[in-house]
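This report refers to the structure that appears directly beneath it.
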Amino acid sequence: MKTIKYLFMGALMTVFSGSAMAQTSVNDAVNAIKTNKDKAAVASIVKATVKENKKDPKALAAIGRAYLDVKDTASTRKYADMSIALTNKMKTGKVGDGFMLMGDLEYYKDNPGAAAAMYQNAYTFEPNNITAYVKYARVMRGVSPNMAVEQLEKVRTLDPNYPVDAEAAHIYYEAAKKNGAYMQKVLEYYGKVTPAKLYDHDPSYLTEYALAAFANQKYDVSKQIAAFGLSKKPRNAGYNRLALYNSFELKQYDEAANYVDALVNKSDSVELTANDYKYAGLVYTALKQYDNAISYFNKQLEVTTDAAKKADVIKSLSDSYKGKGDFAKSLELYEQYLQMNPKVGINDYNGLANIYRNQAANQQGADQVASVNKAVEIYKTMEEKYPSNADFCNFMAARTLGLIDATQAKGLARPYYEKLAKLVEEKGVKDNSDKARLSEAYTYLGIYLYKIKNEAAAAKPYFEKLLQLDPENATAKQVLETY
């Protein structure tokens, strides 16, 4: 009886030993393929392994996959074919490994149709192979993202806990790179998955969701996702970057400044981009920390090569110097911006005039007069170039002249308010802006004629028009009572 017992135990040991040796042999072959530079030695190890595992399609596929990892596509195909041929002969225990490997090879060789066919074979032979369904769906996204997601839905029946929605979102995300119409699907499907589950499944998907939300101006959502990412990896540059961008867009400037520090000084392996410097500059501009803003805009300028983008940076620098009160430097930079900008428009000219107005407000005497006159000349140029905005140009010219004629004694703004009134009356009052400008023009002209020129009769029509425009206008009521 003991003899039989020992023989039985010996047989078990042989079985287990053989299985362990085979597994170790496959691992040895895989490691040798990936790391050993001695081709002869590798060939010997692989030959011995194949001999031991010639009836194991999974082992053959594992060897082929190692060759795919080192981009030896000929050997990959050889062992994929061997694994598939063996699977086709098997009556039971069929596996999809060989088909999966061949699908990956075809995908690597940019043959998505052939890859999809192989993944189909994989889940046909091995119906519970979730990876086969997922890879098939990923490949099919180039043909039809909607069809790919429909196929992916089969995974729910195999594993209710599998994050199908995350994979669907990823498929739509890739499709959205070519067709933005799919972006809403990205947000819809990613929105069904908690950040924790998304991160556990694939951290890159969490980043995709944050980027998609940011691109669609869902800044609060994007920031929440980035904040979750930072709870896992506080020194992750990508999450700190998105937290910075979103905080700025949400006008949470103090938080944004903290994220500037986190991105620049507390992130691992960070490579700062022009956009990073831009957002940092904008944050400090909003906080009125103009020296910091100028520092970051200068860094942005250093790494910006596109001419049009350089012009935008120079404008940002000009704005910062204006905020700082250095109008001379602001004007110098703004002139550069206008010269570099291939698409100068009315807003650009208005920006230049605005710098002169700000400068004039901080000056006195001849310097102030010179700045005001310069601004007015720009408004005249704007009116010539953009006649449809003549009412705005005359309105701003009149207001600017008020800086050097606050008491209206000189009547410098009179011709501009007269033209403004005529322009608005001719086109009619279209909105509150028209009403406000016309009201200001009537008030100025009426007071100037009534009080400064002592021409009560000439002033009366303006006060009457003012009262028609604004029946509760106290100034018009008061003056008209004197007639």
Side-chain angles (χ1 to χ4, degrees), residues 103-104 107 110 112-113 115-116 119-120 123 130-233 236-252 256 259 263 273 275-276 278-279:
D104 291 349
Y107 189 76
D110 198 23
Y119 295 140
Q120 276 187 307
Y123 62 67
I130 290 176
T131 304
Y133 288 102
V134 173
K135 287 193 172 185
Y136 174 81
R138 288 178 179 175
V139 171
M140 284 299 293
R141 69 172 179 247
V143 178
S144 171
N146 292 329
M147 286 177 59
V149 171
E150 286 177 12
Q151 187 68 17
L152 190 61
E153 286 292 336
K154 295 179 181 179
V155 174
R156 290 191 198 275
T157 61
L158 301 175
D159 181 2
N161 294 318
Y162 190 86
V164 172
D165 293 316
E167 285 297 333
H170 173 67
I171 286 170
Y172 283 123
Y173 183 85
E174 292 298 321
K177 291 179 180 179
K178 294 182 178 179
N179 185 348
Y182 289 111
M183 189 56 78
Q184 290 307 312
K185 289 284 189 181
V186 177
L187 297 173
E188 174 189 340
Y189 277 91
Y190 269 140
K192 296 177 182 180
V193 190
T194 65
K197 192 168 185 178
L198 200 57
Y199 184 87
D200 290 341
H201 178 61
D202 191 328
S204 70
Y205 288 9
L206 189 75
T207 303
E208 286 183 358
Y209 186 16
L211 288 169
F214 178 78
N216 285 269
Q217 300 180 354
K218 307 285 186 182
Y219 302 125
D220 53 341
V221 174
S222 184
K223 184 179 177 181
Q224 289 171 10
I225 299 164
F228 178 83
L230 288 171
S231 73
K232 296 292 186 179
K233 292 186 175 181
N236 182 276
Y239 295 139
N240 277 315
R241 176 176 287 117
L242 280 167
L244 161 60
Y245 292 7
N246 284 295
S247 294
F248 172 79
E249 298 294 350
L250 291 167
K251 296 180 171 55
Q252 298 166 351
Y259 285 121
L263 176 62
T273 67
N275 226 30
D276 297 335
K278 170 188 172 181
Y279 268 97

So, does Asp159 use its side chain to make a donor-acceptor pair with the main chain of Asn161 at under 3.5 Å? yes

Tell me whether Ser222 contacts the main-chain N or O of Ala210 through its side chain, where contact means a donor paired with an acceptor under 3.5 Å.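 A pair under 3.5 Å: yes.
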
Below 3.5 Å, can you tabulate the donor-acceptor pairs from side chains in residues 175-183 to any protein atom, sequence neighbours excluded?
{"unit_1": "Lys177", "atom_1": "NZ", "unit_2": "Glu174", "atom_2": "OE1", "d": "3.2"}
{"unit_1": "Lys177", "atom_1": "NZ", "unit_2": "Glu174", "atom_2": "OE2", "d": "3.3"}
{"unit_1": "Asn179", "atom_1": "OD1", "unit_2": "Ala181", "atom_2": "N", "d": "3.0"}

Could you work out, with salt bridge (charged side-chain N to carboxylate O under 4.0 Å, His left out) as the rule, every residue matching Lys135, not counting sequence neighbours? Asp104

Contacts of Glu150 meeting salt bridge (charged side-chain N to carboxylate O under 4.0 Å, His left out) (sequence neighbours excluded), chain-then-number -> none

Taking only residues two or more places apart in sequence, or in another chain, which ones meet Tyr123 in a side-chain hydrogen bond (donor to acceptor under 3.5 Å, both in side chains)? Gln151

Please report the closest heavy-atom contact between [X] and [Y], naming both atoms and the distance.
| X | Y | value |
| --- | --- | --- |
| Val221 | Ala213 | CG1-CB, 4.1 Å |
| Pro112 | Val139 | O-CG1, 3.1 Å |
| Ala168 | Leu152 | N-CD2, 3.5 Å |
| Arg141 | Ala148 | N-CB, 3.8 Å |

May I ask you to decide whether Arg156 forms a salt bridge with Asp165, counting only side-chain N to carboxylate O separations under 4.0 Å? yes

Would Tyr162 and His201 count as a side-chain contact (heavy atoms from CB on, under 4.5 Å) if you check the C-alpha gap in whole Å, the side-chain angles of each, and the deciding distance to 0.1 Å? CA-CA 9 Å; Tyr162 190 86; His201 178 61; 3.6 Å; yes

Would you check if [X] and [Y] make a side-chain contact, meaning some heavy-atom pair closer than 4.5 Å?
| X | Y | value |
| --- | --- | --- |
| Lys223 | Gln252 | yes |
| Gln184 | Asn216 | yes |
| Leu244 | Arg241 | no |
| Tyr133 | Leu158 | yes |
| Asn146 | Val149 | no |
| Tyr239 | Leu206 | yes |

Take Asp276 and Tyr245 through the side-chain hydrogen bond (donor to acceptor under 3.5 Å, both in side chains) test and state the conclusion after the steps. CA-CA 8 Å; Asp276 297 335; Tyr245 292 7; 2.5 Å; yes

Are more than 12 heavy atoms from other residues, nucleotides or ligands located less than 6.0 Å from atom NZ of Lys233? no

In this structure, are over 12 heavy atoms from other groups packed under 6.0 Å from Gln217 atom CD? no

For Tyr219, what residues pass the ring-ring contact (aromatic ring centres under 6.0 Å, His included) criterion, not counting sequence neighbours? Phe214

Distance alone, cut at 3.5 Å: any donor-acceptor contact between the side chains of Tyr279 and Glu249?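 There is such a pair (donor and acceptor under 3.5 Å, judged by atom type) between the side chains of Tyr279 and Glu249.
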
Suppose the criterion is side-chain hydrogen bond (donor to acceptor under 3.5 Å, both in side chains): which pairs have a residue in residues 203-215, not counting sequence neighbours?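 Listed once each, the pairs are Arg138-Tyr205, Glu167-Tyr205, His170-Glu208, Tyr190-Glu208, Asp202-Ser204.
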
Separation of Ser247 OG from Leu242 CG (nearest 0.5 Å): 10.5 Å

